[in-house]
Engineer: 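Please read through the structure below; I'll follow up with questions.
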Amino acid sequence: MRPGPEVTALRTVFGELLAAPGGTERIAHLLAGTTEAFAPDLVVHTDAGTHRLAELTTTARPLLLDLSGDFTEAAEPWHDRVDVVRGKAEGTDAAGLLLRPDCHVAWTGHRPDDVNGLRAALTKWFGAPLA
């Protein structure tokens, strides 16, 4: 609210964004963090049995769904914050899915070798890895 050229410029830009068609809704979604897709309720086959994704997300913790078996090791430095489930899923061709606690998709891996993308998403959403 302090006057100055930087604040005036920012106020102008936000005014233009809010006045644009759909601008208010877009900013509201960005602030709410709902621009990410909500995870579908997949059927997941694990060594412990078959589960719906909704059953695997009841801990209110982030979840890495490792569908290729290639991401579990890369996520180990976040084991204190992120649950990992390995298995196969019906209804997706993804190699891995990282879900926020609210079940929005934080990252989707389409290639089994995308461990760098996973690490970047884990750091962005859940902080630095353990040393």
Side-chain angles (χ1 to χ4, degrees):
M1 300 308 293
R2 183 179 302 175
E6 299 89 3
V7 174
T8 301
L10 186 58
R11 188 176 294 122
T12 300
V13 168
F14 264 90
E16 291 172 4
L17 288 171
L18 292 171
T24 303
E25 183 177 344
R26 173 77 174 140
I27 289 174
H29 286 294
L30 286 170
L31 291 173
T34 58
T35 55
E36 290 77 29
F38 194 75
D41 192 16
L42 303 170
V43 174
V44 182
H45 305 282
T46 71
D47 289 343
T50 300
H51 306 278
R52 292 179 49 203
L53 186 57
E55 296 171 304
L56 300 172
T57 58
T58 59
T59 64
R61 287 173 43 99
L63 174 69
L64 171 62
L65 190 57
D66 186 351
L67 302 173
S68 65
D70 296 310
F71 299 113
T72 300
E73 185 178 329
E76 177 58 27
W78 287 269
H79 75 273
D80 63 319
R81 289 160 275 171
V82 178
D83 294 336
V84 177
V85 172
R86 289 178 66 165
K88 302 291 180 191
E90 299 173 12
T92 183
D93 62 350
L97 291 171
L98 179 62
L99 306 179
R100 301 184 330 196
D102 62 2
C103 291
H104 282 86
V105 178
W107 169 85
T108 303
H110 291 286
R111 296 183 334 268
D113 62 347
D114 192 14
V115 294
N116 290 332
L118 172 61
R119 288 183 186 121
L122 285 163
T123 301
K124 173 185 175 182
W125 289 102
F126 310 115
L130 291 176

Engineer: Over all heavy atoms of both residues, which pair between Leu64 and Trp107 is shortest? Give the atoms and the distance, please.
Structural biologist: CD1-CZ3, 4.2 Å
Engineer: Are the side chain of Glu55 and the backbone N or O of Arg52 linked by a donor-acceptor pair below 3.5 Å?
Structural biologist: yes
Engineer: Could you report the tightest heavy-atom contact between Leu53 and Pro40, atom names first, then the distance?
Structural biologist: CD2-O, 3.2 Å
Engineer: Does Leu63 offer a backbone N or O that forms a donor-acceptor pair with the side chain of Asp83 under 3.5 Å?
Structural biologist: no
Engineer: Atom CG in Leu65, atom NZ in Lys88: separation rounded to 0.5 Å?
Structural biologist: 10.5 Å
Engineer: Restricting to non-hydrogen atoms, name the atom on Ala60 and the atom on Pro101 that form the minimum distance, rounded to 0.1 Å.
Structural biologist: O-CB, 3.6 Å
Engineer: When you look at CD of Glu73, are more than 12 heavy atoms from neighbouring residues, nucleotides or ligands closer to it than 6.0 Å?
Structural biologist: no
Engineer: State, to 0.1 Å, how close Asp70 and Asp66 come at their nearest heavy-atom pair, and which atoms those are.
Structural biologist: N-OD1, 3.3 Å
Engineer: Spell out, as yes or no, whether a donor-acceptor pair under 3.5 Å connects the side chain of Trp125 to the backbone of Leu99.
Structural biologist: no
Engineer: Please table the atom pairs, donor to acceptor, closer than 3.5 Å between any side-chain atom in residues 111-121 and protein atoms at least two apart or in another chain.
Structural biologist:
| residue | atom | partner | partner atom | Å |
| --- | --- | --- | --- | --- |
| Arg111 | NE | Asp113 | OD1 | 3.0 |
| Asp114 | OD1 | Gly117 | N | 3.1 |
| Asn116 | OD1 | Arg119 | NH1 | 3.4 |

Engineer: So with a 6.0 Å cut-off around CZ of Arg61, is the heavy-atom count from everything else above 12?
Structural biologist: yes
Engineer: In chain order, what residues pass the salt bridge (charged side-chain N to carboxylate O under 4.0 Å, His left out) check against Arg81, with sequence neighbours excluded?
Structural biologist: none
Engineer: About how many Å separate CD of Glu76 and CZ of Phe71, when rounded to the nearest 0.5 Å?
Structural biologist: 16.0 Å
Engineer: For side chain to side chain contact (heavy atoms under 4.5 Å, CB included), just list the numbers for Val82 and Phe126, CA-CA rounded to whole Å, side-chain angles, deciding distance to a tenth of an Å, and then say yes or no.
Structural biologist: CA-CA 8 Å; Val82 178; Phe126 310 115; 4.0 Å; yes
Engineer: How many angstroms lie between atom CG of Leu67 and atom OG1 of Thr46, to the nearest 0.5 angstrom?
Structural biologist: 11.5 Å
Engineer: Val44 and Thr50: side chain to side chain contact (heavy atoms under 4.5 Å, CB included), yes or no, with the steps?
Structural biologist: CA-CA 6 Å; Val44 182; Thr50 300; over 6 Å; no
Engineer: Can you measure from NE2 (His51) to OG1 (Thr58) and round to the nearest 0.5 angstrom?
Structural biologist: 10.5 Å
Engineer: Might you confirm whether atom CG of Asp80 has over 12 heavy atoms from other residues, nucleotides or ligands at distances under 6.0 Å?
Structural biologist: yes
Engineer: Side-chain atoms of residues 90-98: list all donor-acceptor pairs with protein atoms under 3.5 Å, sequence neighbours left out, distances to 0.1 Å.
Structural biologist:
| residue | atom | partner | partner atom | Å |
| --- | --- | --- | --- | --- |
| Glu90 | OE2 | His45 | NE2 | 2.7 |
| Thr92 | OG1 | Ala94 | N | 3.1 |

